[in-house]
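Each remark here refers to the structure printed beneath this line.
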Amino acid sequence: MGTPDFIRTIRASAGQQLLWLPGVSVVVFDDRGRVLLGRRADNGKWALISGIPDPGEQPAACAVREVHEETAVRCVPERIVMVESGKPVTFPNGDVCQFMDLTFRCRAVGGEARVNDDESLDVGWFEVDALPRMDERHYVRIKQALSDEPTWFEPTSFE
């Protein structure tokens, strides 16, 4: 799907300036402990499945929807593993966004992993100790999803 229609509407008046947007990233594990990844069509890099919630859509529902739309895998959310404000991202078309990302750990419950839309060039399951090269943030999210630690967030200082 690419850019959601509601973002296109905002962009029509806001131009390419920075937009602050909600986002979800999804660490999906299968019964063998493998991680589901997609190779993005926009930059050719392997990454966790991610997306932008539609207006009014619950973040967990967005995570499930994005995984199915992009990979044909059905999953159920287990928990939020990270809450993080990312750095601004400039897309190939010049649009600038910064995301408040909620990372969900999910469990696959059905479907066969395959490219299911135009956002991915490839989709696959990977052993945790044999992940492809990705941006560092994806490794951090996978590590957090594998741990039994509480939800990670940037520590605050009240000094």
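What's counted below: heavy atoms across the whole structure, side chains too, no hydrogens, waters or symmetry copies.
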Problem set entry | Nearest non-hydrogen partners of C106 and P77, listed with the distance | SG-CA, 3.5 Å
Exercise. Only one of V115, I49, N116 clears side-chain contact (heavy atoms from CB on, under 4.5 Å) with V123; which?
Worked result: V115
Exercise. Do other residues, nucleotides or ligands put more than 12 heavy atoms under 6.0 Å from Y139 OH?
Worked result: yes
Problem set entry | Aromatic contact, W20 with F99 (centres under 6.0 Å) | no
Exercise. Between D135 and R137, does a salt bridge (Lys or Arg N to Asp or Glu O under 4.0 Å) hold up when you go through it step by step?
Worked result: CA-CA 6 Å; D135 291 342; R137 69 182 182 275; 3.0 Å; yes
Exercise. Looking only at heavy atoms, what is the nearest atom pair of P88 and L18, with distance?
Worked result: CB-CD1, 4.0 Å
For this session: Please report the closest heavy-atom contact between V28 and R107, naming both atoms and the distance.
Result: CG1-C, 4.5 Å
For this session: Spell out, yes or no, whether V140 and L146 are grouped together once hydrophobic residues are joined by side-chain heavy atoms under 4.5 Å, including indirect joins.
Result: no
Problem set entry | Heavy-atom closest contact (Q144 atom, R79 atom, distance) | O-NH2, 3.7 Å
Seminar exercise, completed: Looking only at heavy atoms, the pair that brings R11 and Q17 closest together is NH1-O, 2.6 Å
Exercise. Given the rule that I, L, V, M, F, W and Y join up when any side-chain heavy atoms are under 4.5 Å apart, are L19 and M100 in one cluster?
Worked result: no
For this session: Report, as yes or no, whether the 6.0 Å neighbourhood of atom CG on D31 holds more than 12 heavy atoms from other residues, nucleotides or ligands.
Result: no
For this session: Test I142 against M134 for side chain to side chain contact (heavy atoms under 4.5 Å, CB included), laying out the working first.
Result: CA-CA 11 Å; I142 292 167; M134 299 183 287; 3.9 Å; yes
Exercise. Which value, rounded to the nearest 0.5 Å, describes the distance between M82 atom CE and S25 atom OG?
Worked result: 9.0 Å
For this session: Check the pair K45 / R133 against side chain to side chain contact (heavy atoms under 4.5 Å, CB included), numbers first and verdict last.
Result: CA-CA 8 Å; K45 295 180 179 181; R133 188 169 170 223; over 6 Å; no
For this session: State plainly whether one hydrophobic cluster holds both L21 and V24, where clusters connect Ile, Leu, Val, Met, Phe, Trp and Tyr through side-chain heavy atoms under 4.5 angstrom apart.
Result: no
For this session: Flag the pair R141 and E84 as a salt bridge only when some basic side-chain nitrogen lies within less than 4.0 angstrom of an acidic carboxylate oxygen.
Result: yes
For this session: Would you please test W152 and V83 for side chain to side chain contact (heavy atoms under 4.5 Å, CB included) and show each step?
Result: CA-CA 6 Å; W152 183 93; V83 176; over 6 Å; no
Exercise. Are L37 and V27 connected, step by step, through hydrophobic side chains (Ile, Leu, Val, Met, Phe, Trp, Tyr) whose heavy atoms are closer than 4.5 Å?
Worked result: yes
Exercise. Should R40 and D42 count as an ion pair when the cut-off is N to O under 4.0 Å?
Worked result: yes
Exercise. Under 6.0 Å from the CD atom of E57, do we count more than 12 heavy atoms belonging to anything else shown?
Worked result: yes
For this session: Could you tell me whether the side chains of R8 and T3 share a donor-acceptor contact shorter than 3.5 Å?
Result: no
For this session: Looking only at non-hydrogen atoms, find the nearest pair between F29 and W125 and report the distance.
Result: C-CZ3, 4.0 Å
For this session: Check the side chains of D101 and T103 for a donor-acceptor pair under 3.5 angstrom, ignoring hydrogens and angles.
Result: yes
Problem set entry | Transitive ILVMFWY side-chain link L36 to V26, under 4.5 Å | yes
